[in-house]
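Bear in mind the structure is a predicted one, so any value in this text is a computation, not a measurement.
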Amino acid sequence: LTNAHYEVLTLLRSHRDDDKGFAVMARHLYPMQHVRLHQAVTLPELTAALLSPGPEPGTNLKAALAGSVLPYGPTIAEHVILDAGLDPGMKLKPAQSQAQDSLPP
């Protein structure tokens, strides 16, 4: 909870990230420079990431997408996957068979 000047009034627990150089604590300004704006992922970016050699075959979809492809953590990534009508636990196939499965007969 912040006031109109983005000063943190209260929170459940403070957070400090020394590597990024910011802290979220009561009676301090909220670090607005570290806020991530909404970032859409395009179908070509998603396809390229899933067909790249990055995710191992057998990795579940949520683990493959969270943090690397989607600019969100695992909880939001799971919500996005469910909202798309997919199963977050779906196992990835090898990239070659995925590419062949997507080709028309």
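Of all non-hydrogen atoms in K91 and G58, the two that sit nearest each other are CD-O, 3.0 Å. Across all non-hydrogen atoms, the minimal contact from T2 to V8 is CG2-CA, 4.1 Å.
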Listing, residues 74-87 side-chain donor-acceptor contacts under 3.5 Å, not counting sequence neighbours, or none:
residue	atom	partner	partner atom	Å
E78	OE1	K62	NZ	3.3
D87	OD1	G89	N	3.0

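Within 6.0 Å of OH in Y30 there are 12 or fewer heavy atoms belonging to other residues, nucleotides or ligands.
Residue L1 holds its CG atom at 11.0 Å from CD of E7, rounded to the nearest 0.5 Å. The OG1 atom of T59 sits 12.5 Å away from the CE atom of M90 when rounded to the nearest 0.5 Å.
Side chain of N3 to main chain of Y6: a donor-acceptor pair is present (N/O by atom type, distance under 3.5 Å, no hydrogens or angles).
For R13, there are no salt bridge (Lys or Arg N to Asp or Glu O under 4.0 Å) partners two or more places apart in sequence or in a different chain.
Hydrophobic clustering (ILVMFWY, side-chain heavy atoms < 4.5 Å, transitive): L11 and M32 are in one cluster.
Looking only at side-chain heavy atoms (C-beta outward), P31 and V24 come within less than 4.5 Å of each other.
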